[in-house]
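Residue numbers count from 1 along this sequence.
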Amino acid sequence: MLKKLRFSILLLAVMGNVASSLSAKASFNGKLAVEIDGLKNKQGQVCVSIFASSQGFPNNRDRVLQKQCTKITDTPLLVNFENLKAGNYAVAVIHDQNNDRTLNRNGLGMPIEGFGFFRNPEVRTSAPKFGEAAFLVAGPNTNIQIQLKYF
């Protein structure tokens, strides 16, 4: 009986350690590396916005979780983000050639600067939905590639 009690206590201690290490892994802060290719020139900067939900995606600045604008030095260009919790995200990228941090459009509403989204969804008359450009951060390092488009 004493052996069974010791074994039960030992088993509970091991199970507690396993459970606490699993919960620690679930609450990590991950890194995201965004590789951007297809730039037609090195003028201006590239702005990358991360969204955590469909609300405001892809162009509501108030709903952006993290944003970085980076001078174009190399192609492809690599932009890194940190402290992302596990979950679904979507990224919108613009080639901001005139450095105004806005995707400029012509009189018909068509973008006159390059833009892109993860998964490179087809864009015709409107921007893609969050789910069409979403990806999962489920580990410490996530890498995605985005090919810019120009009209």
Side-chain angles (χ1 to χ4, degrees), residues 12-151:
L12 284 172
V14 168
M15 294 299 283
N17 286 338
V18 169
S20 68
S21 72
L22 286 176
S23 74
K25 288 180 183 175
S27 63
F28 70 90
N29 285 335
K31 296 179 182 177
L32 172 66
V34 182
E35 182 180 297
I36 302 149
D37 207 359
L39 290 154
K40 77 175 183 181
N41 60 52
K42 290 186 177 184
Q43 293 176 335
Q45 62 187 352
V46 168
C47 293
V48 182
S49 299
I50 300 177
F51 292 82
S53 75
S54 61
Q55 292 182 329
F57 178 79
N59 45 8
N60 184 335
R61 294 179 186 184
D62 296 333
R63 295 294 189 163
V64 171
L65 179 66
Q66 289 188 36
K67 181 177 184 171
Q68 280 189 47
C69 292
T70 305
K71 184 173 172 51
I72 302 165
T73 54
D74 292 320
T75 56
L77 182 66
L78 190 62
V79 179
N80 294 298
F81 293 89
E82 296 188 11
N83 297 320
L84 292 173
K85 299 201 180 306
N88 284 316
Y89 298 92
V91 169
V93 178
I94 64 169
H95 178 187
D96 181 21
Q97 294 182 63
N98 63 354
N99 293 314
D100 68 352
R101 295 180 177 237
T102 302
L103 180 63
N104 298 120
R105 301 170 185 271
N106 65 18
L108 299 174
M110 299 292 289
I112 57 174
E113 295 178 304
F115 62 93
F117 305 96
F118 178 64
R119 288 195 192 151
N120 301 309
E122 189 171 331
V123 176
R124 291 189 180 182
T125 58
S126 65
K129 298 199 181 312
F130 181 86
E132 296 172 316
F135 59 92
L136 178 64
V137 171
N141 296 302
T142 303
N143 302 309
I144 64 172
Q145 292 84 30
I146 295 177
Q147 182 74 30
L148 291 184
K149 298 177 182 184
Y150 295 83
F151 285 121

Legend entry - Side-chain donor-acceptor contact under 3.5 Å, R63 with S54: no

Legend entry - Donor-acceptor pair, side chain of E35 and main chain of N143, under 3.5 angstrom: no

Legend entry - Nearest-0.5 Å distance that lies between atom CD in Q43 and atom CG in N98: 10.0 Å

Legend entry - Distance in Å, L84 CG paired with I50 CD1, rounded so as to fall on 0.5 Å steps: 5.0 Å

Inset, instruction - Check the pair F115 / F151 against ring-ring contact (aromatic ring centres under 6.0 Å, His included), numbers first and verdict last. - result: CA-CA 10 Å; F115 62 93; F151 285 121; 5.5 Å; yes

Legend entry - Atom of F57, atom of A133 and distance for their closest heavy-atom approach: CZ-CB, 3.9 Å

Inset, instruction - Give, for atom CD of Q145 and atom CG of L78, the distance between the pair rounded to the nearest 0.5 Å. - result: 9.5 Å

Legend entry - Under 3.5 Å donor-acceptor, E132 side chain and A127 backbone: no

Legend entry - Value rounded to 0.5 Å, distance of CD1 in I94 from CG in D100: 7.0 Å

Inset, instruction - Look at the side chain of H95 and the backbone N and O of G116, then say whether any donor-acceptor pair between them is shorter than 3.5 Å. - result: no

Inset, instruction - Mind checking the CG-CE spacing from N104 to M110? Nearest 0.5 Å is all I need. - result: 14.5 Å

Inset, instruction - Taking the side chain as every heavy atom from C-beta outward, state whether F81 and V48 have any pair of such atoms under 4.5 Å apart. - result: yes

Legend entry - Check: K85 and N29 side chains under 4.5 Å, non-hydrogen atoms: yes

Inset, instruction - For the pair D74 (side chain) and L77 (backbone), establish whether a donor and an acceptor sit closer than 3.5 Å, ignoring hydrogens and angles. - result: no

Legend entry - Residue pair Y89 / V137: nearest heavy atoms and the distance that separates them: CD1-CG2, 3.6 Å

Inset, instruction - Check for a donor-acceptor pair, side chain of N88 on one end and backbone N or O of A134 on the other, with a separation under 3.5 Å. - result: no

Inset, instruction - Please report the closest heavy-atom contact between G114 and L103, naming both atoms and the distance. - result: O-CD1, 3.8 Å

Legend entry - Residue pair R101 / Q45, side-chain heavy-atom distance below 4.5 Å: yes

Legend entry - Least distance between heavy atoms, D96 atom then T102 atom: OD1-O, 3.8 Å

Legend entry - Ring centre gap for F117 and F135 strictly below 6.0 Å: no

Legend entry - V93 side chain near V79 side chain, heavy-atom distance below 4.5 Å: no

Inset, instruction - Check A92 against F51 and note the closest heavy-atom contact, atom names and distance. - result: CB-CE1, 4.3 Å

Inset, instruction - Step through the shown structure and confirm whether more than 12 heavy atoms of other residues, nucleotides or ligands are within 6.0 Å of NZ on K67. - result: yes

Inset, instruction - Classify the side-chain pair Q97/N41 by whether it contains a donor and acceptor separated by less than 3.5 Å. - result: yes

Inset, instruction - Could you tell me which non-hydrogen atom of N80 sits nearest to which non-hydrogen atom of A33, and how far apart they are? - result: OD1-CB, 3.4 Å

Inset, instruction - Look at atom NZ of K149 and say whether more than 12 heavy atoms of other residues, nucleotides or ligands are closer to it than 6.0 Å. - result: yes

Inset, instruction - Calculate, to the nearest 0.5 Å, the distance between atoms CD1 and CG belonging to I144 and L32 respectively. - result: 5.0 Å

